[in-house]
Amino acid sequence: LTNITFEKKIILENKGRRQQQLKWINFTNREENSRRIVLAKKLTKEGKRIPKSLMPLEPYFTVEPAEITLRPRTATTFIFKGSSPQAGSALEIFYLESKVGKERNTKTIITSEIKAEVVNPLLHFSEKALTFHYHWEKGVDPVIQKKQITLTNQSAIPLNFLLKVEIPFNLNSWEHSLSPGQSIDLIIEFDPMYKNDLLSHTIEKFLVVSYRGHPQKDSIPIKAEILF
């Protein structure tokens with residue numbers, strides 16, 4: 001998901017008899033920032049303002065540890081972490097450079113293409129809005145009204161979310177985890193006598209969805225008309 005750090009781990013083992021000094025380089029990010037520096041210096045010499053498009057670019061991906069000395073017949077775990085504020089494809093090339101024993105020169109031993117498809121939460125509501133009506137009738141006791149709405153996870157990854165409504169509405173459940181393609185039937189209740197003041201009025205609220213660990217919020221309007 002956008003705005004969330006995701007990660008993958010790899011294990012690298014030194015099966016040789018000499019230690020290796022290892023260093024990961026984000027080649028894509030390094031080359032792009034080098035290009036921006038050259039253009040920014042040129043504009044500065046010409047007395048022109050540097051646009052935001054030439055500011056240093058934050059990488060999509062990082063790796064921890066970026067450098068390590070791996071002793072003979074030992075292994076280490078590298079953690080690749082990624083994050084993007086925008087949905088879309090993210091791709092960067094990483095080189096792993098190695099210096100063996102007391103050698104002076106390094107050489108590239110691994111070229112890795114790190115990529116991810118980053119998406120926003122996509123939750124489908126079976127209804128665009130919900131409306132309740134209550135018309136008072138003499139001798140007829142008011143009852144709590146109920147309506148059903150189906151929520152479907154149309155994202156490619158699981159979604160964990162919380163639901164919220166305000167009085168006079170209520171829900172049969174408040175928290176869910178949905179796998180891709182999975183749906184949940186939600187019951188929304190309306191209590192027409194929440195005030196018991198016998199005054200006609202209209203209530204307008206929202207059913208709000210908040211995603212765990214993500215800033216996006218989705219909502220649909222809920223309306224109720226009470227007539228006395």
Side-chain angles (χ1 to χ4, degrees), residues 1-44 50-122 153-161 175-182 211-216:
L1 290 177
T2 53
N3 297 290
I4 291 180
T5 300
F6 45 89
E7 64 180 45
K8 274 201 171 183
K9 299 178 181 179
I10 65 169
I11 297 175
L12 198 63
E13 183 181 358
N14 180 6
K15 293 185 176 181
R17 297 182 179 181
R18 293 183 293 172
Q19 71 176 23
Q20 293 192 49
Q21 297 179 39
L22 303 176
K23 180 179 181 180
W24 286 100
I25 295 175
N26 187 329
F27 175 77
T28 304
N29 185 257
R30 184 185 68 179
E31 291 299 298
E32 174 59 23
N33 280 331
S34 296
R35 183 188 70 84
R36 294 186 181 200
I37 289 173
V38 171
L39 293 175
K41 287 182 177 179
K42 181 180 179 181
L43 291 176
T44 301
I50 300 176
K52 290 184 178 181
S53 60
L54 292 183
M55 297 297 289
L57 178 66
E58 291 293 324
Y60 289 122
F61 304 100
T62 58
V63 57
E64 297 178 0
E67 297 184 49
I68 192 172
T69 298
L70 197 58
R71 291 176 297 175
R73 296 180 176 83
T74 61
T76 190
T77 299
F78 291 105
I79 303 175
F80 286 86
K81 296 183 178 182
S83 179
S84 174
Q86 297 178 338
S89 298
L91 187 150
E92 289 174 339
I93 303 298
F94 277 73
Y95 291 157
L96 179 60
E97 294 184 344
S98 171
K99 185 188 294 185
V100 180
K102 297 182 180 180
E103 293 179 359
R104 294 185 178 182
N105 298 324
T106 61
K107 61 180 180 180
T108 300
I109 59 173
I110 294 177
T111 300
S112 295
E113 186 179 86
I114 313 298
K115 58 183 178 180
E117 192 66 33
V118 185
V119 298
N120 288 316
L122 186 57
N153 178 11
Q154 294 187 336
S155 304
I157 59 176
L159 292 180
N160 302 308
F161 56 92
E175 183 176 359
H176 290 282
S177 296
L178 295 181
S179 300
Q182 187 178 8
Y211 301 94
R212 287 196 177 276
H214 195 279
Q216 178 177 313

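Computed from heavy atoms alone, side chains included, the values below leave out hydrogens, waters and symmetry copies.
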- Supply the atom-to-atom distance Leu54 CG to Leu39 CG, rounded to the nearest 0.5 angstrom. 5.5 Å
- Item | Validation row: Ile114, Asn26 side chains within 4.5 angstrom (heavy atoms) | no
- Before giving the answer on side chain to side chain contact (heavy atoms under 4.5 Å, CB included), spell out for Ile25 and Thr108 the whole-Å C-alpha distance, their side-chain angles and the decisive distance to 0.1 Å. CA-CA 10 Å; Ile25 295 175; Thr108 300; over 6 Å; no
- Query: If we ignore angles and hydrogens, is there a donor and acceptor under 3.5 Å between the side chains of Thr74 and Asn14?
  - Reply: no
- Query: Are Thr2 and Ser84 close enough that some pair of their side-chain heavy atoms sits under 4.5 Å apart?
  - Reply: no
- Inter-residue atom distance Leu96.CG - Glu67.CD, 0.5 Å rounding: 11.0 Å
- Check against side chain to side chain contact (heavy atoms under 4.5 Å, CB included), Trp24 and Ile110: CA-CA 9 Å; Trp24 286 100; Ile110 294 177; 4.3 Å; yes
- Within-4.5 Å side-chain heavy-atom neighbours: Leu1 and Pro121: yes
- Query: Quick one: does Leu178's side chain get under 4.5 Å of Ser155's, heavy atoms only?
  - Reply: no
- Query: Any donor-acceptor pair under 3.5 Å linking the side chain of Glu92 with the backbone of Phe61?
  - Reply: yes
- Would you say Asn3's side chain and His214's backbone share a donor-acceptor pair under 3.5 angstrom? no
- Message: Please check if the number of heavy atoms outside Glu175 that lie under 6.0 Å from its CD is greater than 12.
- Response: yes
- Calculate, to the nearest 0.5 Å, the distance between atoms OG1 and CD1 belonging to Thr76 and Ile68 respectively. 3.5 Å
- Other residues, nucleotides, ligands: >12 heavy atoms within 6.0 Å of Glu7 CD: yes
- Message: Within the 4.5 Å heavy-atom criterion, are Glu13 and Arg73 side-chain neighbours or not?
- Response: no
- Task: Assess whether atom OH of Tyr60 is packed by more than 12 heavy atoms of other residues, nucleotides or ligands within 6.0 Å.
- Result: no
- Query: Measuring from Ile157:CD1 to Glu117:CD, what's the distance to the nearest 0.5 Å?
  - Reply: 11.0 Å
- Message: Aromatic contact between Tyr95 and Phe27, with the criterion being ring centroids under 6.0 Å apart: yes or no?
- Response: yes
- Item | Residues in side chain to side chain contact (heavy atoms under 4.5 Å, CB included) contact with Glu32, at least two apart in sequence or another chain | Arg35, Arg36, Leu57
- Exercise: identify the closest heavy-atom pair between Leu43 and Pro51: CD1-CD, 3.7 Å
- Which atom names give the shortest non-hydrogen contact between Ala75 and Ile11, and what distance separates them? CB-CG2, 4.1 Å
- Who pairs with Glu113 by side chain to side chain contact (heavy atoms under 4.5 Å, CB included), at least two apart in sequence or on another chain? Leu91, Ile93, Lys115
- Gly16 and Pro72 have their tightest heavy-atom pair at O-CB, 3.4 Å
- Message: For the residue pair Ser98 / Gln20, report whether a side-chain donor-acceptor contact shorter than 3.5 Å exists.
- Response: yes
- Look up atom CD1 in Ile50 and atom CE in Met55, then write down how far apart they are to the nearest 0.5 Å. 8.0 Å
- Item | Minimal non-hydrogen separation, Thr77 against Pro65, with atom names | O-CD, 3.7 Å
- Query: Taking atom NZ of Lys99 and atom CZ of Arg18, what is their separation to the nearest 0.5 Å?
  - Reply: 13.0 Å
- Sub-4.5 Å side-chain heavy-atom contact between Gln216 and Asn120: yes
- Query: Do Phe6 and Phe80 have side chains that get closer than 4.5 Å, going by heavy atoms?
  - Reply: no
